[in-house]
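Just so you know, these numbers come straight off a predicted model, no measurement behind them.
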Amino acid sequence: QGKIRFTVAHSMLSATSDAQLEWALLVDGRQVQTEIIAFKESAELVADLSGVAVVQVLYRQVQDSGCGDTLGLITSAVIEG
């Protein structure tokens, strides 16, 4: 029971500041939330943990900026309850 909260962001060490990142939160293989963030932005991903076996956080660069890879960071992960 309870909830899990992740705060996600762009890394300041990314090769480019032009790209956006799409973050996805999966619970037992089902996508329950997505957020698209730009450079210097962050987002919160939250999931209910009742009856959950597996939680995954994935990200991908939305478009190819031609300037290399963009790094994503999980800046906080908290389990409540």
Side-chain angles (χ1 to χ4, degrees):
Q1 292 189 358
K3 292 186 183 235
I4 191 163
R5 271 179 210 283
F6 296 96
T7 304
V8 297
H10 256 259
S11 171
M12 297 301 281
L13 300 176
S14 293
T16 179
S17 61
D18 294 334
Q20 293 181 318
L21 294 181
E22 179 180 38
W23 289 85
L25 180 59
L26 287 79
V27 174
D28 289 337
R30 289 179 303 111
Q31 187 169 305
V32 296
Q33 186 179 354
T34 60
E35 296 288 340
I36 295 177
I37 60 172
F39 193 67
K40 293 190 178 180
E41 290 184 344
S42 64
E44 187 173 73
L45 305 173
V46 181
D48 184 9
L49 292 176
S50 297
V52 171
V54 178
V55 175
Q56 294 175 284
V57 178
L58 307 173
Y59 78 92
R60 69 176 185 91
Q61 191 169 313
V62 174
Q63 74 281 352
D64 183 6
S65 63
C67 296
D69 291 334
T70 301
L71 302 175
L73 296 174
I74 297 174
T75 60
S76 174
V78 177
I79 297 174
E80 301 171 344

| request: Decide yes or no on side-chain contact (heavy atoms from CB on, under 4.5 Å) for Val54 and Val27, but give the supporting numbers first. | output: CA-CA 6 Å; Val54 178; Val27 174; over 6 Å; no
| said: Apply side-chain contact (heavy atoms from CB on, under 4.5 Å) to residues Leu49 and Val55 and explain how you reach the verdict. | reply: CA-CA 9 Å; Leu49 292 176; Val55 175; 3.9 Å; yes
| request: Please step through side-chain contact (heavy atoms from CB on, under 4.5 Å) for the pair Glu44 and Arg5, ending with a clear verdict. | output: CA-CA 7 Å; Glu44 187 173 73; Arg5 271 179 210 283; 3.1 Å; yes
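Judged by distance alone, the side chain of Gln33 and the main-chain N or O of Val46 form a donor-acceptor pair under 3.5 Å. Thr75 contributes a side-chain N or O that, together with a main-chain N or O of Thr7, makes up a donor-acceptor pair within less than 3.5 Å. Side chain of Glu35 to backbone of Trp23: no donor-acceptor contact under 3.5 angstrom is found. Although no hydrogens or angles enter the test, the distance criterion places a donor-acceptor pair under 3.5 Å between the side chain of His10 and the main chain of Ala19. The main-chain N or O of Leu71 is found under 3.5 Å from a side-chain atom of Ser14 such that the two form a donor-acceptor pair.
Between Glu80 and Lys3 there is no salt bridge, since none of the side-chain N atoms of the basic residue sits less than 4.0 Å from a carboxylate O of the acidic one.
In this structure, CG in Asp18 is found 9.5 Å from CD in Gln61, a value given to the nearest 0.5 Å. Here Leu45 contributes atom CG and Leu26 contributes atom CG; the two are 10.5 Å apart, rounded to the nearest 0.5 Å.
Taking 4.5 Å as the limit, every side-chain heavy atom of Tyr59 sits out of range of all side-chain heavy atoms of Val8. Between Lys40 and Met12 there is a side-chain heavy-atom pair separated by less than 4.5 Å.
Looking at every heavy atom in both residues, Asp48 comes nearest to Gly2 through OD1-O, 3.0 Å. Residue Leu21 comes nearest to Gly72 through the heavy atom pair CD1-CA, 3.7 Å, listed as atom of the first residue, atom of the second, then distance. Heavy-atom minimum distance, Ser11 versus Phe39: O-CE1, 3.5 Å. Minimum interatomic distance between Ala47 and Val32 (heavy atoms only, all atoms of both residues): CB-CG2, 4.4 Å.
Cluster annotation: Val52 is connected to Ile74 through the hydrophobic network of ILVMFWY side chains, with a link wherever side-chain heavy atoms come within less than 4.5 Å.
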